[in-house]
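By convention in this document, chain letters (A, B, ...) are assigned in the order of the sequence lines, proteins followed by strands, and residues within each chain are numbered from 1.
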Protein chains: 2
Amino acid sequence: MLLPYEQIGYIGAMTDFPNDVTPDRLCKADALPPSDQHARQYAAVRSAHETELLEDYVELIADLLQHQGEARSTDVAARMGVSQATVSKTVARLKSLELVSSKPYRSLFLTEKGEAMAAMSHQRHAIVLKFLRALGVSDHTARIDAEGMEHHASQETLDIMQRFSREQERGSS
Amino acid sequence: MLLPYEQIGYIGAMTDFPNDVTPDRLCKADALPPSDQHARQYAAVRSAHETELLEDYVELIADLLQHQGEARSTDVAARMGVSQATVSKTVARLKSLELVSSKPYRSLFLTEKGEAMAAMSHQRHAIVLKFLRALGVSDHTARIDAEGMEHHASQETLDIMQRFSREQERGSS
DNA sequence: CTACTATTTTAGCCAAGGTTAACTTATTAG
DNA sequence: CTAATAAGTTAACCTTGGCTAAAATAGTAG
């Protein structure tokens, strides 16, 4: 029963919990949020989830357009680490959402809407990545974590991250 | 095949990036990583994804056990913001993974394995939440963002976050 | 122009995570 | 003890995001 993280104030559910020992002092410091609020939090995560993949595709397509001049689905497949068939299907979805445009058997382009999403996404990605590095996270890890985290940072958090990176920068130069 | 950037480490898109300043000179500094590495990053995100929901359920069940003495699926449903049928199905999966145990129509318990997962998950959650607050993020936002981010923070990042929170604490007291 | 190769799409499969609606089991009020 | 209500399960369905295998299209070499 090793909990070297007592400082967090929330002591995990390690003990069996006879009903008569629901200690008030614990509940107070450490109560669950009201159900509906709790539900809203999870809903937010689920909804972020839905757009995550789409954003990743759009961001990648934008990167390919910028760096290679064109975005072919074979490259998308290779970089996403999925099959071409999967790319085809996802692209169909992106098209139906009017984020991507393309003619059959031709390479991919972003619509206005897609460009806007890519720009947002790219910006967030950059902010999170820069922040993690400013924090002291290694380059390799920062890249992986940023990929996952970028979709879950709210504007407020992004602003704070950006400020932090800037201050760090100023301090160290 | 082509990738002239193969030797360049991925620098990422680091600048703040006013939209009208997507300059060519940036492109150099801003190469794509090699395909296979890129693919591995996305694979990592996908794999984190797979366990996310399971961890959230397990964590919630642990919380309910601790705070209410029992974990009923109706409460899980209310707090997750999903239907009871969904909980039933997910719990079936958790049982098949030996994370949860329960008898039909009775409340839920964690197995050893489930407890271990809950403890880990809880710890990470707490670290991320505390970190965000130490950074200056509001309580409300910190809760939402922590829920989403906790699954994407590697051990290295968690360690750094924890250190940061501790220093912050020491500094302000 | 034809044939070969590379790329893209389509079809059919699967598991996960959601939904409603209908059914079963538990709990509780009279 | 019985009947009403609450809680949990099951069945049937949907969408997403993977996969493989096969078909269609594009690009290229002879």
Take the angle between the ring planes of A:His152 and B:His152 and call it parallel below 30°, perpendicular above 60°, tilted in between.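 The rings of A:His152 and B:His152 lie parallel, inter-plane angle below 30°.
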Using a heavy-atom cut-off of 4.0 Å across all strands, would you classify A:Ser83 as base, sugar-phosphate, or nothing?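 The answer is base, as A:Ser83 lies within the cut-off (heavy atoms under 4.0 Å) of a base atom.
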Describe the nucleic acid contact of A:Thr86 in one word from base, sugar-phosphate, nothing, applying a heavy-atom distance below 4.0 Å.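 The residue A:Thr86 makes base contact.
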Nearest-Å distance, [atom1] ([X]) to [atom2] ([N])?
{"X": "B:Tyr57", "N": "C:dG18", "atom1": "OH", "atom2": "C1'", "result": "9 Å"}
{"X": "B:Glu70", "N": "D:dA6", "atom1": "CD", "atom2": "P", "result": "17 Å"}
{"X": "B:Glu52", "N": "C:dA16", "atom1": "CD", "atom2": "P", "result": "15 Å"}
{"X": "B:Leu94", "N": "C:dA15", "atom1": "CG", "atom2": "P", "result": "17 Å"}
{"X": "A:Leu54", "N": "D:dG18", "atom1": "CG", "atom2": "C1'", "result": "15 Å"}
{"X": "B:Asp56", "N": "C:dA16", "atom1": "CG", "atom2": "C1'", "result": "15 Å"}
{"X": "B:Glu50", "N": "D:dC19", "atom1": "CD", "atom2": "C1'", "result": "13 Å"}
{"X": "A:Lys89", "N": "D:dT15", "atom1": "NZ", "atom2": "P", "result": "12 Å"}

Single-linkage hydrophobic cluster, 4.5 Å side-chain cutoff, B:Leu53 and B:Val45 together: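 Shared cluster, no.
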Strictly below 4.0 Å, N to O, side chains only: are B:Asp159 and B:Arg163 in salt-bridge contact?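 Salt bridge absent between B:Asp159 and B:Arg163.
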Kindly say if [X] contacts the phosphate of [N], meaning a side-chain N or O under 4.0 Å from OP1 or OP2.
{"X": "B:Ser73", "N": "D:dG8", "value": "yes"}
{"X": "A:Gln84", "N": "C:dT8", "value": "yes"}
{"X": "A:Arg72", "N": "C:dT8", "value": "yes"}

For residues A:Ala44 and B:Ile144, report the shortest heavy-atom separation together with the two atoms involved.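 Heavy atoms of A:Ala44 and B:Ile144 come nearest at CB-CG2, 4.1 Å.
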Salt bridge (Lys or Arg N to Asp or Glu O under 4.0 Å) contacts touching residues 133-155 of chain B (sequence neighbours left out):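 Passing the test, one end in residues 133-155 of chain B: B:Arg133-B:Asp139, B:Asp139-B:Arg143.
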Which of these, A:Arg124, A:His125, A:Glu50, sits in a side chain to side chain contact (heavy atoms under 4.5 Å, CB included) with A:Glu55?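 Considering A:Arg124, A:His125, A:Glu50, a side chain to side chain contact (heavy atoms under 4.5 Å, CB included) with A:Glu55 is found only for A:Arg124.
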Could you run down nucleotides 21-26 of chain C 5' to 3' and tag each one B, S or - for protein heavy-atom contact under 4.0 Å? ---BSS
In Å and rounded to the nearest 0.5 Å, what is the CG to CZ distance from A:Asp63 to A:Arg79?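 A:Asp63 atom CG to A:Arg79 atom CZ measures 8.5 Å (nearest 0.5 Å).
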Between A:Lys103 and A:Arg46, which residue's closest nucleotide on DNA chain C lies nearer the 5′ terminus?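 The residue mapped nearer the 5' terminus is A:Lys103.
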Start at the 5' end of DNA chain C and walk down; is the nucleotide closest to A:Ser102 or to B:Thr90 reached first?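 Nearer the 5' end of the strand: A:Ser102.
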What's the closest nucleotide to the side chain of B:Thr74 if the choices are D:dT20, D:dG8, C:dC13?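 Shortest atom-to-atom distance from the side chain points to D:dG8.
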